[in-house]
Amino acid sequence: MEKLEKYFMLFDQSRTSEEAFEQLADLFTDDIEFVLNGYKQAGIKNWRNFVKMVYTENKDLKHMYQGWEKVQGDETRTYETRWAVCGKRVSGEVYTQEGKDIAKLDEEGKITYLENVPDNTKMFQTYKKD
């Protein structure tokens, strides 16, 4: 769970630090499956592209989270947390979002699955591809 505890901090730092970006990518398996508001992607390359897209559209972000908790009755190393983010888009618009993340870890503690479930169902619309 150590890697999960670093996730939000490294995501925020990745905007200005290549080292943090690489450390963030190292939290995941190469075949990571991630789901953004119902839209599925796979592979560390696609994950890296997603993070870069976030920072193309946003000047700044700050995540807060409640703390990762093990999903009860789940033997697959699944955790979830509530989060909130405050951001400033490149246009200058400021915004907030809330939601939850669901993560699964492998035996080494690397993230194999990450699902972002925002309260706002329109979040990540620009990331969806036909």
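All figures in this text were calculated on a predicted structure; none of them were measured in a lab. Below, all heavy atoms of this structure are taken into account, side chains as well, without hydrogens, waters or symmetry copies.
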Would you please say whether a donor-acceptor pair under 3.5 Å links the side chains of Gln41 and Tyr39? yes

Tyr113 versus Glu115, side-chain donor and acceptor atoms under 3.5 Å: yes

Give, for atom [atom1] of [X] and atom [atom2] of [Y], the distance between the pair rounded to the nearest 0.5 Å.
{"X": "Lys3", "Y": "Gln23", "atom1": "NZ", "atom2": "CD", "value": "10.5 Å"}
{"X": "Lys62", "Y": "Met64", "atom1": "NZ", "atom2": "CE", "value": "6.0 Å"}
{"X": "Glu80", "Y": "Asp101", "atom1": "CD", "atom2": "CG", "value": "9.5 Å"}
{"X": "Leu105", "Y": "Lys70", "atom1": "CG", "atom2": "NZ", "value": "9.0 Å"}
{"X": "Glu2", "Y": "Leu27", "atom1": "CD", "atom2": "CG", "value": "9.5 Å"}
{"X": "Gln97", "Y": "Asn120", "atom1": "CD", "atom2": "CG", "value": "4.5 Å"}

Ignoring hydrogens and geometry, is there a side-chain-to-backbone donor-acceptor pair from [X] to [Y] under 3.5 Å?
{"X": "Thr81", "Y": "Gly67", "result": "yes"}
{"X": "Thr112", "Y": "Lys104", "result": "yes"}
{"X": "Ser17", "Y": "Gln13", "result": "no"}
{"X": "Lys110", "Y": "Asp26", "result": "yes"}
{"X": "Trp47", "Y": "Ile32", "result": "no"}
{"X": "Asn58", "Y": "Asp60", "result": "no"}
{"X": "Arg15", "Y": "Leu61", "result": "no"}

Evaluate side-chain contact (heavy atoms from CB on, under 4.5 Å) for Lys59 paired with Arg89, printing each intermediate quantity in order. CA-CA 5 Å; Lys59 285 184 179 181; Arg89 300 189 197 290; over 6 Å; no

Does the side chain of [X] reach to within under 4.5 Å of the side chain of [Y], using non-hydrogen atoms?
{"X": "Asn116", "Y": "Phe34", "answer": "no"}
{"X": "Val35", "Y": "Leu114", "answer": "no"}
{"X": "Ile111", "Y": "Thr29", "answer": "no"}
{"X": "Tyr79", "Y": "Ile102", "answer": "no"}
{"X": "Lys52", "Y": "Phe21", "answer": "yes"}

Can you get from [X] to [Y] by hopping between Ile, Leu, Val, Met, Phe, Trp and Tyr side chains that sit under 4.5 Å apart?
{"X": "Tyr95", "Y": "Leu36", "answer": "yes"}
{"X": "Met53", "Y": "Val90", "answer": "no"}
{"X": "Val117", "Y": "Phe50", "answer": "no"}

For [X], is the [atom1] atom crowded, meaning more than 12 foreign heavy atoms sit under 6.0 Å from it?
{"X": "Glu69", "atom1": "CD", "answer": "no"}
{"X": "Glu108", "atom1": "CD", "answer": "no"}
{"X": "Asp30", "atom1": "CG", "answer": "no"}

Quick check with a 6.0 Å cut-off and a 45 degree axis cone: is Arg82 positioned over the face of Tyr65's six-membered ring? no

Mind telling me whether Phe11 and His63 have parallel, tilted or perpendicular rings, with 30° and 60° as the class edges? perpendicular

In terms of relative ring orientation, are Trp68 and Tyr7 parallel, tilted or perpendicular, with 30° and 60° separating the classes? perpendicular

Heavy atoms only: give me the nearest Ser14-Val51 pair and the separation to one decimal. CB-CG1, 4.4 Å

Test: Arg48 and Glu22 ion pair at under 4.0 Å: yes

Could you check Val85 against Phe8 for side-chain contact (heavy atoms from CB on, under 4.5 Å), going step by step and ending with a plain yes or no? CA-CA 10 Å; Val85 65; Phe8 288 109; over 6 Å; no

